[in-house]
Structures are given as C-alpha cells and as structure tokens.
Amino acid sequence: MTDPTTHHIEVPGAVLAYDVRDPATPGPHRPLLVFGSPMAADGFAQLVPHLDDRTVITLDPRVSGRSVLEEGAEVSYEVHGDDAHRVVAAAGLGPVDVFASSGAAVAVLPWLSAHPAEVGTVVAHEPPLIALLEDCEVLERVMADIAATYQELGQGPAMAKFIQVVVHEGPFPDDYLDGPPPDPARFGFSAEDDGRRDDALLGRNMRMPTYRPDGDALRASGVRVVPAVGATSTGTMPHRGGEALAALLGVEAVPFPGDHGGFLTNDWSPDNDPAAFAVRLREVLAGGARGRMTATGRPAHGSSSTRVQRSASRSAYSAGVQPRDATSV
C-alpha cells in the first residue's frame, strides 16, 4: 500500500482533511471509505494496513483531527454524512464501499439515503442509534446531562459520566440520573476544570439532535447495509443500536472481533486484534456473513455473542476517548 496522500476540501462550515492510499497492485475491489465520529483518521492506523488490496480513503470529521470547524457551524449526523458525500465526490473515486464506526455508522445512513449511487456496501459498526431503542427517552436525557456537565464542570466530570454510560449493559432505567455522579478519578480523569470546551465528543457530537433512520428509504436505496456489532460488547448501547438497525432492515447483525473499537489494540484494549478485524471486514465486503432474512422479513436468530469482562478504561478508549494527557481521537 502506498503512503497516504493528504487532501483538504472546503465544505459549508468546515475545511475537511482526508487521506487516500492506493494498493501496491490494483485489484477488482471498490475503494473503501473508512471513518468514525468523533474518531479521526489516525484512530484507524492499525486497521488500514491490513486492507492493502484496495484503495482506502480515511477522513477526519469536521469536529476533530486536522479538519477545521468554523465558529458556529452546524454539527449533526446529517451534516457529517454530507461531509462524507463531499469527500467521495472530491476524491473522484465513487462508488465506494464504506466502513463506518460509532457515530459515523449513524451519519452514513442519511448519506446513502440521499446519494445511493455513491455507495455499494456499508458496514455500520455499532451505531449509537438511541432513537431505535426502548429506553430512547432516558438516553436522550442522559446525553443531555453529559453535555450540560461538560459545559458546567469541564472534561473530567463529563467524561466520567460518559464512560459510565459506555460500560452500562442493558436498557437504562427511568431513574438512572437519580444516582450519584461517578468520580472522575475512577477513570483516570481530573475533577478540576481546565477551562477548555473544545472536546469533539463532549462539546460537539454529544449535542447533536437524535437521528431516526427511515427503514423504508434505506431498503429502497438499493445499498447493501450490514449492521455490525462487537463480539465482546453485548448489551452496551452501541451494540444494541447495531441490533436495532438490523431489526429495522430485517437482517441479522453481523458480529465482528473485539469490542466497540475492535479495530485497534493498546494497553487499554489488549485483546482486540486489528488483523482479525480486517479479515472479517474483507469477508463481509465480499458478500460473506450477510444478514439472513426469514420468511417474515424479520432477522433469523443465530448464536449469541460471547460475553467477556471489560474494564471501564477499555470501553473508554474503544469509544475514542482518553484522559486529557493522552492523544484524544
């Protein structure tokens, strides 16, 4: 695979940075767009080298990395999706396949609905689609509380609340917010306010309006959408979001190795295997492991994912966040 070529494009409200890597030997595969939100392109640095049989485009969302957001510019799932559309158009490489993780797995849905001819297969990995969950109203209050905590108290207290949400398994009870706030030190954060309010997750993405996908429009698009979930993240909110998207489309959610960030490994997520993740991704993009539909159009039930113990730190990094003294993605 060649070294990345970096490009910048102006879009409404932002300047976006994206990279293009070409395979050493051209092959039959469509180019692949890999992106997250708020995770920047460098969060996929361990995955991309294993995808060296195709052209790979990586993108810094408008809220993070090398991209620059204008003061007061709009941030929403629809806008993130439109940014991806504009990157693919500027690169001149469409139609593309897409691997979208976390918030990007939500943002890709309005994009493919609006521009289906640009997209072949979409792997939507652990989308936090709270609008499709039974505890949607509670989760909307929880997310608003985290965003308000960030504005009032800063990164540490807000991130501690976020991590507590990330590791929670199952639906959130109505009285979830009645409990005491978590201690930031428990998760390696300081309770002191550093005065900054530029966190891409807490200051931008957490404040986006809830997005409700249109199942009829997605099915009518003709785009093959593969909802994907982590094999070790069963019960968490993004995993449930992937399962809910699968139910909406009448397919099975496809398990991928690892947790919410199964495409990267580090001291916090030592059991993840980016190479195995890439093998699974190539298999799915090639048409394997697609969801099976039953005669009623509902998902066929396969074996459940294996549960493993997860620490709060592992889940935090998988969501693309770290303590302030580390590099935030």
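The structure presented is a predicted model; accordingly, all values stated were derived computationally and were not measured.
Taking CG of L129 as the reference point, atom CG of L248 lies at 8.5 Å (rounded to 0.5 Å). Atom CG of D194 and atom CD of Q155 lie 6.5 Å apart (nearest 0.5 Å). One finds the CG atom of D198 at 11.5 Å from the OG atom of S64 (value rounded to the nearest 0.5 Å). Rounding to the nearest 0.5 Å gives a distance of 9.5 Å between CZ of R282 and CG of L285. Here the straight-line distance linking atom CZ of R204 with atom CG of L201 works out to 12.5 Å at 0.5 Å rounding. Taken to the nearest 0.5 Å, the CE atom of M39 stands 4.5 Å off from the CZ atom of F263.
Inter-residue side-chain proximity for P128 and Y77 is flagged as met; some heavy-atom pair is nearer than 4.5 Å. Within the 4.5 Å cutoff, the side chain of V56 has heavy atoms near those of the M1 side chain. Between I163 and R186, every side-chain heavy-atom pair lies at or beyond the 4.5 Å cut-off. Under the 4.5 Å side-chain criterion, counting only non-hydrogen atoms from C-beta, F277 is in contact with L47. Annotation: side chain of I130 is not in contact with side chain of F172 (no heavy-atom distance under 4.5 Å). Residues L153 and D193 are not in side-chain contact: their nearest non-hydrogen atoms beyond the backbone lie 4.5 Å or more apart. P274 is listed as a side-chain neighbour of T265, based on a closest heavy-atom distance under 4.5 Å. Here the side chains of M159 and D199 are in contact, with some heavy-atom distance below 4.5 Å.
For the residue pair E243 and H239, a side-chain donor N or O sits within less than 3.5 Å of a side-chain acceptor on the partner. Residues D259 and S233 have side chains that never bring a donor and an acceptor to within less than 3.5 angstrom of each other. Counting only N and O atoms by type, the side chains of R21 and T58 include a donor and acceptor under 3.5 Å apart.
Heavy atoms only, all atoms of each residue included: F35 and A104 are closest at O-CB, 3.3 Å. Summarising the geometry of Q151 relative to G203, their closest heavy-atom pair is NE2-CA, 4.4 Å, with the distance given to 0.1 Å. Closest approach of G241 and L133 over heavy atoms only: N-CD2, 4.1 Å. For H8 against V15, the heavy-atom pair with the smallest separation is CB-CG1, 4.2 Å. Pairing each heavy atom of G261 with each of N272, the nearest pair is O-ND2, 3.0 Å. Across all non-hydrogen atoms, the minimal contact from D135 to G170 is OD2-O, 4.4 Å.
Listed by chain and number, the residues in a side-chain hydrogen bond (donor to acceptor under 3.5 Å, both in side chains) with H85 are E118 (sequence neighbours excluded).
Between R66 and D42 there is no salt bridge, since no side-chain N of the basic residue sits under 4.0 Å from a carboxylate O of the acidic one. Checked for salt-bridge contact, D82 and R86 meet the test: a charged N lies under 4.0 Å from a carboxylate O.
Hydrophobic clustering of Ile, Leu, Val, Met, Phe, Trp and Tyr side chains at less than 4.5 Å, counting indirect connections, unites L109 with V251.
By the neighbour-count criterion of 12 heavy atoms within 6.0 Å, atom CD of E10 is sparsely surrounded, having that number or fewer from other residues, nucleotides or ligands. The environment of CZ in R212 is sparse: at most 12 heavy-atom neighbours from other residues, nucleotides or ligands sit within 6.0 Å. Residue D174 qualifies as open at atom CG: its count of foreign heavy atoms under 6.0 Å is 12 or below.
Without hydrogens or angle criteria, D60 side chain to A40 main chain gives no donor-acceptor distance under 3.5 Å.
Ring pair Y18/H7 is parallel by interplanar angle, where below 30° counts as parallel and above 60° as perpendicular.
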Criterion side-chain contact (heavy atoms from CB on, under 4.5 Å) on L281 and H50, from CA distance to verdict: CA-CA 10 Å; L281 179 56; H50 297 290; over 6 Å; no
